[in-house]
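Only this structure's heavy atoms are used, side chains among them; waters, hydrogens and symmetry mates stay out.
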Amino acid sequence: MFSRTPLARLGCAVLLSALVLGACGDDESTSDTVAPPPKFVMSYVAGDTENQFLEELFAQGLANPDGANLRISRLSPVADLGLLYDQLAADRIQIMPVYSQQLLTMLRAKAGKTGEAMPVTVAEQVTKINELLPKGLSMGSASTGEHKAAIACTAAIVDKNTLTDLSGLAKVASTLVLAAPAGFDTATPLGAATLKDTYGITFKSVVTVADDAAITATFKDKLADCVVIDNGSALLVKSSLSPLRDDKGLVPGNAVIPLFQIDVPEDVVAVIEQITERVTNRNLTSILSVVAGGMQPHVAAKSFLETAQPDPVVESSTPGTGSAPAGSSPAGSSPAGSSPAGSSPAATAPPATTPSATTPGTSG
């Protein structure tokens with residue numbers, strides 16, 4: 001039998017209190033007694049702003065009165081992801097959002113199964129994680145948004161060619177200049193050879209950039225059209241770049257996955273799932289870029305919850321119309337820089353997530 005979480009223990013305490021009050025026969029006092037919201041304990045990895053952002057995202061979402069209405073208590077941050085996981089396994093915290101690659105790597109290390117190749121798709125990673133996850137823990141759905149290396153292009157190129165993914169880029173790459181780090185020709189998983197083999201992409205030419213400052217200068221001087229970059233880089237906002245979706249899964253997936261104690265109530269799990277559903281490629285890329293640029297994780301999480309929405313669901317076209325519902329698109333298909341109408345104030349950076357008043361200046 002699994003140990004009870006603080007939620008379960010609190011439920012027993014509330015029930016016991018109710019029985020005691022009822023035995024006293026004070027009907028008026030019992031009718032006025034309102035149990036406090038259940039308490040959830042969370043923590044994060046010290047110095048890891050992305051991990052702190054994910055913790056804040058779920059903490060604030062679960063505390064929302066319109067959601068789970070939990071009272072969130074925070075333990076002091078820990079030194080690394082392994083220690084955070086140990087806190088969860090020991091029932092000292094009840095939820096731990098983490099990236100799928102990080103989670104699988106950590107579980108393999110704990111099981112002495114290091115050295116195995118990382119599965120390419122998130123679905124394959126989830127299968128391997130389930131094989132290693134102890135019985136006392138449960139895993140929520142993986143997000144459609146993934147944090148990984150990408151190719152991003154300027155807004156002008158994206159708009160001119162209506163680009164959303166690397167398959168679309170293949171049709172025009174021969175006319176474009178790519179900025180990439182040294183060794184790009186033979187780099188894996190994202191390199192010149194792998195792009196050609198998987199997508200048939202060959203660029204007109206490639207310019208070498210050594211660091212963020214070089215990337216900033218390259219696009220300021222309009223010397224390149226696209227760049228190899230982390231899809232959570234602060235430079236996406238600064239240089240108006242939109243990462244393209246890796247629609248054939250060249251780079252191994254890296255989605256957000258919430259782990260939690262197995263006896264967390266179903267209504268709380270439902271709210272966890274709703275939060276994860278909003279972590280799409282567009283929304284995750286946008287918010288990580290401003291976190292990388294210096295926005296405080298708790299501010300970024302608040303902004304995300306206020307504005308980011310799940311991707312529209314593509315429905316079957318109405319017979320005779322030949323079209324899908326207006327504004328619908330596949331999950332993760334919209335590039336950074338696009339957002340549903342009315343989803344964010346004008347002149348915000350990035351779109352759909354961050355009010356302009358809270359966006360700090362970024363630096364290369």
Side-chain angles (χ1 to χ4, degrees), residues 5-6 39-63 70-114 118 122 125-126 128-129 132-134 136-143 145-149 230-234 252-261 264 272 275-276 278-279 283-305 353 360:
T5 64
K39 184 177 179 181
F40 230 46
V41 183
M42 299 182 69
S43 186
Y44 62 92
V45 177
D48 186 335
T49 55
E50 282 193 34
N51 185 262
Q52 187 178 358
F53 161 72
L54 293 178
E55 183 265 349
E56 284 287 344
L57 178 62
F58 283 86
Q60 292 183 33
L62 288 168
L70 299 177
R71 291 180 299 143
I72 303 298
S73 176
R74 291 172 171 82
L75 295 182
S76 298
V78 297
D80 57 52
L81 198 65
L83 291 175
L84 188 63
Y85 174 82
D86 291 342
Q87 296 273 32
L88 179 69
D91 197 13
R92 295 190 183 95
I93 63 174
Q94 283 70 59
I95 179 173
M96 170 185 166
V98 64
Y99 288 114
S100 56
Q101 286 191 33
Q102 290 179 322
L103 178 57
L104 181 54
T105 299
M106 180 193 63
L107 290 176
R108 282 176 167 173
K110 287 182 175 293
K113 296 183 177 181
T114 57
M118 179 62 63
V122 172
Q125 293 170 10
V126 166
K128 295 296 184 180
I129 290 169
L132 298 171
L133 204 62
L137 300 180
S138 187
M139 175 171 53
S141 300
S143 67
E146 300 176 24
H147 185 189
K148 59 184 188 178
D230 184 288
N231 72 351
S233 170
N254 195 30
V256 175
I257 292 180
L259 284 183
F260 43 86
Q261 284 286 327
V264 166
I272 292 172
I275 297 170
T276 307
R278 297 164 72 175
V279 183
N283 296 337
L284 183 61
T285 292
S286 298
I287 202 67
L288 290 185
S289 65
V290 292
V291 171
M295 178 177 283
Q296 291 297 310
H298 71 280
V299 177
K302 182 176 185 294
S303 175
F304 188 98
L305 291 167
T353 58

Problem set entry | Residue pair Gln94, Met42: steps toward the side-chain contact (heavy atoms from CB on, under 4.5 Å) verdict | CA-CA 6 Å; Gln94 283 70 59; Met42 299 182 69; over 6 Å; no

Problem set entry | Qualifying residues under salt bridge (charged side-chain N to carboxylate O under 4.0 Å, His left out), relative to Lys110, sequence neighbours excluded |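 By the salt bridge (charged side-chain N to carboxylate O under 4.0 Å, His left out) rule, Lys110 matches Asp86.
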
Test item: [X] side-chain N/O and [Y] main-chain N/O as donor-acceptor pair under 3.5 Å:
{"X": "Ser43", "Y": "Ser76", "answer": "yes"}
{"X": "Thr105", "Y": "Gln102", "answer": "no"}
{"X": "Asp80", "Y": "Val45", "answer": "no"}
{"X": "Gln101", "Y": "Pro252", "answer": "yes"}
{"X": "Asp230", "Y": "Ala149", "answer": "no"}
{"X": "Ser143", "Y": "Val256", "answer": "yes"}
{"X": "Asn254", "Y": "Glu146", "answer": "no"}

If you take all heavy atoms of [X] and [Y], which pair is closest and at what distance?
{"X": "Val78", "Y": "Gln87", "answer": "CG1-NE2, 3.9 Å"}
{"X": "Tyr85", "Y": "Met96", "answer": "CA-SD, 3.6 Å"}
{"X": "Gly253", "Y": "Gln125", "answer": "O-NE2, 2.7 Å"}

Can you measure from [atom1] ([X]) to [atom2] ([Y]) and round to the nearest 0.5 angstrom?
{"X": "Ile275", "Y": "Leu62", "atom1": "CD1", "atom2": "CG", "result": "4.5 Å"}
{"X": "Met118", "Y": "Ser100", "atom1": "CE", "atom2": "OG", "result": "7.5 Å"}
{"X": "Leu284", "Y": "Arg278", "atom1": "CG", "atom2": "CZ", "result": "13.5 Å"}
{"X": "Ile287", "Y": "Leu57", "atom1": "CD1", "atom2": "CG", "result": "9.0 Å"}
{"X": "Leu132", "Y": "Arg108", "atom1": "CG", "atom2": "CZ", "result": "7.5 Å"}
{"X": "Ile72", "Y": "Glu56", "atom1": "CD1", "atom2": "CD", "result": "10.0 Å"}

Check: [Y] and [X] side chains under 4.5 Å, non-hydrogen atoms:
{"X": "Leu104", "Y": "Val126", "answer": "no"}
{"X": "Phe58", "Y": "Pro258", "answer": "yes"}
{"X": "Asn283", "Y": "Phe304", "answer": "yes"}

Problem set entry | Worked verdict on Val41 versus Arg74 for side-chain contact (heavy atoms from CB on, under 4.5 Å) | CA-CA 6 Å; Val41 183; Arg74 291 172 171 82; over 6 Å; no

For this session: Please step through side-chain contact (heavy atoms from CB on, under 4.5 Å) for the pair Leu88 and Ile95, ending with a clear verdict.
Result: CA-CA 7 Å; Leu88 179 69; Ile95 179 173; 5.6 Å; no

Problem set entry | ring-ring contact (aromatic ring centres under 6.0 Å, His included) partners of Phe53, counting only residues at least two apart |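 Testing Phe53 for ring-ring contact (aromatic ring centres under 6.0 Å, His included), a comparison that skips the adjacent residues, returns none.
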
Problem set entry | Exercise: do Gln60 and His298 side chains pair donor with acceptor under 3.5 Å |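 No - no donor-acceptor pair under 3.5 Å links their side chains.
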
Problem set entry | Full working for side-chain contact (heavy atoms from CB on, under 4.5 Å) between Tyr99 and Glu50 | CA-CA 10 Å; Tyr99 288 114; Glu50 282 193 34; 2.7 Å; yes

